[in-house]
*Asks:* 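Next up is a structure, given as structure tokens.
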Amino acid sequence: MSVQVCAHCQTTTRQPVVVAIGYGASAGGGTVYACPGCAPTFQQQRDPFDDAGPMSRRRADRHTLPRLPTTG
């Protein structure tokens with residue numbers, strides 16, 4: 001692997017660890033790297049391909065129409 005700059009301590013490392021994937025609308029995205037010492041300080045990212053979790057259920061509920069009360 002190539003030399004990368006740690007996103008936390010800003011030092012170069014020959015053993016970069018991928019800690020996040022950055023997304024951007026106009027410039028695409030980028031990979032965020034950290035050195036092995038700083039990598040545990042980053043929060044674990046959600047897997048964007050995992051649709052079985054509770055977020056997908058909430059997203060599905062958001063797109064349903066609310067029920068109107070029945071009269072009579």
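In this chain, numbering begins with 1 at the start of the sequence shown.
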*Asks:* Could you walk me through whether Val5 and Thr11 pass the side-chain contact (heavy atoms from CB on, under 4.5 Å) check?
*Replies:* CA-CA 6 Å; Val5 177; Thr11 60; over 6 Å; no

*Asks:* Can you spot which of Val32, Thr31, Thr41 makes a side chain to side chain contact (heavy atoms under 4.5 Å, CB included) with Val19?
*Replies:*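 Passing option: Val32.
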
*Asks:* Does the side chain of Pro36 reach to within under 4.5 Å of the side chain of Thr13, using non-hydrogen atoms?
*Replies:*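 Touching, per the 4.5 Å side-chain cut-off.
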
*Asks:* Report yes if the side chains of Cys35 and Pro16 come closer than 4.5 Å at any heavy-atom pair, otherwise no.
*Replies:*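 Sidechains of Pro16 and Cys35: no contact.
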
*Asks:* Does the side chain of Val18 come within less than 4.5 Å of Tyr33's, by heavy atoms?
*Replies:*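 Sidechains of Val18 and Tyr33: in contact.
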
*Asks:* Are Cys6 and Gln4 side-chain neighbours, meaning at least one heavy-atom pair lies under 4.5 Å?
*Replies:*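 Counting from C-beta outward, Cys6 and Gln4 never come under 4.5 Å.
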
*Asks:* Do you know which two heavy atoms are closest between Gly37 and Pro40, and how far apart they sit?
*Replies:*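 Taking every non-hydrogen atom into account, O-CD, 3.6 Å.
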
*Asks:* Above 12 or not: heavy atoms from other molecules or residues under 6.0 Å from CD of Gln43?
*Replies:*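 Atom CD in Gln43 is not packed in, count stays at 12 or less.
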
